[in-house]
Amino acid sequence: MQASYDAAAVERAAQEFWAARRSFEVREDPARPKYYCLSMFPYPSGRLHMGHVRNYTIGDVLARFRRMQGYNVLQPMGWDAFGLPAENAAISNGVPPARWTRQNIDYMRAQMRALGFAIDWSRELATCDASYYRWNQWLFLRMLERGIAYRRTGVVNWDPVDQTVLANEQVIDGRGWRTGAPVEKREIPMYYLNITRYGEELLRALDGLPEWPERVRVMQANWIGRSEGCEVTFPWSADARAALCDAASPGLRVFTTRVDTLFGVTFLAVAAEHPLATAAARTRPALADFVEACRRGSVMEADLATQEKKGMPTGLHAQHPLTGEALPVWVANYVLMGYGEGAVMGVPAHDERDFEFATRQGLAVRTVVVPADGSYHEVGAAWQPAYADHGMTVNSGEFCGLDFDGAVERITAALEERGLGRRRVQFRLRDWGISRQRYWGCPIPVIHCPACGTVPVPDEQLPVVLPEDLVPDGSGNPLAKSAAFYVCTCPKCGGAARRETDTMDTFVDSSWYYTRYACPDARAAMVDARVAYWLPVDQYIGGIEHAILHLLYSRFWTRVMRDLGEVSFSEPFTRLLTQGMVLNHVYSYQPEGGRKRYFNPAEVRTRRGADGTAVYEVAAADRGTLQVVHEGLGKMSKSSGNGVDPQSLVERYGADTARLFTMFASPPEQTLEWSDEGVQGAARFIRRLWAAVYEHVGAGAPPPLQPSALTGPQRELRRTAHQTLVKVADDIGRRHNFNTAIAAVMELLNAVARHDDGSDAGRAVRHEALRIAVLALSPVTPHVCHALWQALGSQTALVDERWPQADAEALRQDSLDIVVQVNGKLRGRVTVPAQADEATVRAAALADEQVRRFLADKPVRRVIVVPGKLVNVVV
RNA sequence: GCCCGAGUGGCGGAAUUGGUAGACGCAGCGGACUCAAAAUCCGCCGCCCUUAAAAGCGUGUCGGUUCGACUCCGACCUCGGGCACCA
């Protein structure tokens, strides 16, 4: 054994050992319990960032721990290889996305190997491989057959200068990112997946995911947004009927959850895209301008929700379904075409948005619900949240004096009788639009024939292969300009036809990759029998930012596969761990009138200024130093220039130090603050562990441990070691708090360092303690532990070692320290035998001198004894 | 705007089911070793008042429940994630 720790040599040796033994390649083994441990696959952006290191280290710790517990552990890895950044790179440097992506994958794979993850690389896949995405296409065709996939128009961001569709990310302050032109909305035909068909099931099944974080389930439930309400038809007045020229339309249909407020309706409002708005705009230029104005701006919900509530009357009317009153119909920008019917009934007295709108437009406010406690009888001039509460109906004709449930029931019945309403469940969840007008994605397998219409590509012609030599230039999809791609013959009539040039949303790729890992080489089918052994995923690890979309789409896609008989489970991920972001300090400098520049914290030096406050400086290229501003902590990102390159970290300290620091600095669900000093602390601990083993081994092999013949301090160290075993297993296996598991091993090493005992028994106890420390830390720092395990004289490889049971005899305690409080304040401590009963503990507490001082001569009113912990004396 | 989180010493964090607030680490201070520095080892380290001890105060703010609250409840403030075409 080397006297000093050489991370590079230790890590190379361990990785070569694992590679030669193919330690992490796994097969189905029905005799052993399986554990499928999966981290979200990365987008191959070029290099790993610290978020990846954190994500994959968490997964690796869990995978290695479960392996030690005897599970047959699968930990695969792959690449979410389609997406926008490859096109952006192509625009700026002319390299085809395929080449850029594959180079990035090669580089990042090497980085991952250097970090020593226990990955079965034989299962690696990339979503840009035709052998993978052909099954996206195959399943899409099955969905098309069943009506789960369908075509309709949808709204997109349109850059009028580049003549291209923009992603939300490419819209900055309502303008195109490259052209700066104001973005417009445009309706184009797109493919949708009918996820709302599964809305009810996706919502209910959340209850069957007890090992998902509560907040993720809540977010998904809110996203699905099931609400029970009523669909109400307001019959057209003559003016609206005339304008619409649609005899089939009986009236304006709205959805409401508050049909109890029906008598408070003073106006109706429709979205700018609603057919009535279009019809009314034909004869009213001002309204046409307003509708046109609503079409400008982005399609993002956050923008729509924060914009000023504007509206304009259509001049048309519809009739109240029960009173026949003529109600004005407005166009309002806060009504969304995508939700419900694209029209709402306006009840200013009992809905905050309607109240704001009515106040601004001078529309009437009619109170129809009052609280049971009589706290108000009339809605006032300023909005109060209580106005939206359920209460008792008033001013509602024959429906007065009813509570919410009663009013809903009777009013709905009255509407049903007239054929103007019915109960309905409405979801906030919308169908999933998967068409992207982009090149670097999975082609949608349909053909447009002038004679036959839209024709699915026959299965035997799959995959529709994406050509890999095209280079996007920012002016639209190059597939749409590539005759070699789009010119084809119709599979039905054999005539000339045009291939669909839209590609699929990359969320499709990531909706089932975890299933394919079970059988990455299956050629004849999407999945095969091996899936039944490995799936569902036992532990999924990834960023909280995926809490809704990716996880919901995966749950949906899995159900579609289930209904097609491809898999037999409904939920793909049994346990979910959502890791927090990695943060670092942000430093910037903005010259007057110039552009703000960011500086990496590694370049910034801190010193005390004349007044004692911190001054931050960087060395300027030309002369002297430049004073920069500390903006606080921010997510590590290219744009803030505050990233830490894992590569240089591994080169400087080794993979184990990188892994140890990221696991120790904070619990996985919380944000992680980068700290160079913390990294050094992690490196220091590994050196200390190495030195302790080196020193111990240098004294020769100790004799076998005789547990029954130990001194007090020897028993104490042994107890600490076995307690550590229990705590680390619980912290890693149940709590996923790796930071406290590591702290426990640090405490054990501190105890070993204090254990200054050269006797045979003392050395035997130390030997056991060091073995336990190395074993317990091995999921986190596998390389150095691999070497130390050998140094401690083990015949077996650590990677094949089992997690030992703690020795109950070693854990046993003879006496306990009990805390004594007087009126809830800590006043003393007493030591009692471990078996002492409540009366003994109580007597010992009351007899304690410190305690008696605080009791003085006051009568004891009550004594609370918490067994094994504390006594509280109340006076 | 809507939905979901988080706030504890100089710093990262610990306190697992309502029961000792500050484990472990970082930084700092003092000491040992060294010609010296680095590394390493030992000790101290919430605030306040103190020679010291003891007392008092203390988990974003305000209020409540309880013998007892970082933990539960209500209101507020600040920071972060998501909002359907970034992944």
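Computed from a predicted model, the values in this text were never measured in an experiment. Letters go in sequence order (proteins before strands), and every chain restarts at 1. Side chains included, hydrogens not; waters and symmetry mates left out as well; all remaining heavy atoms used.
Partner assigned to B:U61 is B:A75, using Watson-Crick or G-U wobble distances below 3.5 angstrom.
In this structure, A:T506 reaches the sugar-phosphate backbone alone: every heavy-atom distance under 4.0 Å involves primed, P, OP1 or OP2 atoms, never a base. Among the heavy atoms of the strands lying under 4.0 Å from A:M581 are primed sugar atoms or P, OP1, OP2 only; no base atom is included. At the heavy-atom level, A:Q437 lies under 4.0 Å from base atoms of the strands shown. Heavy atoms of A:F685 sit nowhere under 4.0 angstrom from any nucleic acid atom. Using a 4.0 Å heavy-atom distance criterion, A:D817 is classed as making no nucleic acid contact. When heavy atoms are screened at a 4.0 angstrom cut-off, A:H550 is found touching no nucleic acid atom at all. Residue-level contact check: A:E545 touches the bases, meaning some heavy atom is under 4.0 Å from a base atom.
Classified by interplanar angle (parallel below 30°, tilted 30° to 60°, perpendicular above 60°), the ring pair A:F355/A:W383 is tilted. The aromatic rings of A:Y513 and A:F41 sit parallel, their planes meeting at an angle under 30°, below the 60° perpendicular limit. Taking the six-membered ring where the residue is Trp, A:W432 and A:Y553 present parallel rings, their angle staying beneath 30° rather than reaching 60°.
A donor atom on one side chain and an acceptor atom on the other are not found under 3.5 Å apart for A:T657 and A:R684.
One can place NZ of A:K869 at 13 Å from C1' of B:U71, the figure rounded to the nearest angstrom. Nucleotide B:C24 holds its P atom 21 Å from the CE atom of A:M663, rounded to whole Å. Rounding to whole angstrom units, CD1 of residue A:I686 and C1' of B:C26 are separated by 16 Å. Counting to the nearest Å, the C1' atom of B:A39 and the OH atom of A:Y5 are 17 Å from each other. Protein atom CG of A:D676 is 14 Å distant from nucleotide atom P of B:C26, rounded to whole Å. The nearest whole Å value for the distance from the CG atom in A:L660 to the P atom in B:C26 is 11 Å. Rounded to whole Å, atom P of B:G82 lies 15 Å from atom OH of A:Y553. Taking atom CD1 on A:I742 and atom P on B:C24, their separation rounds to 15 Å, with Å as the unit.
B:G60 and B:U71 are spaced 16 Å apart, taking the C1' atom of each and rounding to whole Å. Nucleotides B:C70 and B:C77 place their P atoms 24 Å apart, quoted to the nearest Å. Comparing B:A27 with B:G12, their P atoms are spaced 15 Å from each other, to the whole Å. Only the C1' atoms considered, B:A69 is 14 Å distant from B:G58, to the nearest whole Å. Rounded to whole Å, the C1' atom of B:G13 lies 25 Å from the corresponding atom of B:C48. Comparing B:U59 with B:A52, their C1' atoms are spaced 29 Å from each other, to the whole Å.
For a distance-only test at 3.5 Å, the side chain of A:R684 fails to qualify as a donor-acceptor partner of the base of B:U40. Remark: the A:R829 side chain and the B:U20 base include a donor-acceptor N/O pair separated by less than 3.5 Å.
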Next item on the list: Report, as a single string ordered 5' to 3', how protein heavy atoms within less than 4.0 Å touch nucleotides 2-15 of chain B: B base, S sugar-phosphate only, - not at all.
Entry: -SSS------BSSS
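Glycosidic conformation, B:G64: anti, with the torsion outside 90° of 0.
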Notebook entry, point to check: Can A:T153 and A:E187 be said to form a side-chain hydrogen bond (donor to acceptor under 3.5 Å, both in side chains), step by step?
Noted result: CA-CA 6 Å; A:T153 59; A:E187 285 201 46; 3.2 Å; yes
Item checked: Worked check of side-chain hydrogen bond (donor to acceptor under 3.5 Å, both in side chains) between A:Q426 and A:R226 -> CA-CA 6 Å; A:Q426 173 70 38; A:R226 181 183 193 277; over 6 Å; no
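Map A:V819 and A:K825 each onto its nearest nucleotide of RNA chain B; the residue landing nearer the 5' end is A:V819.
Distances shorter than 4.0 Å separate none of the side-chain N or O atoms of A:R430 from OP1 or OP2 on B:A84.
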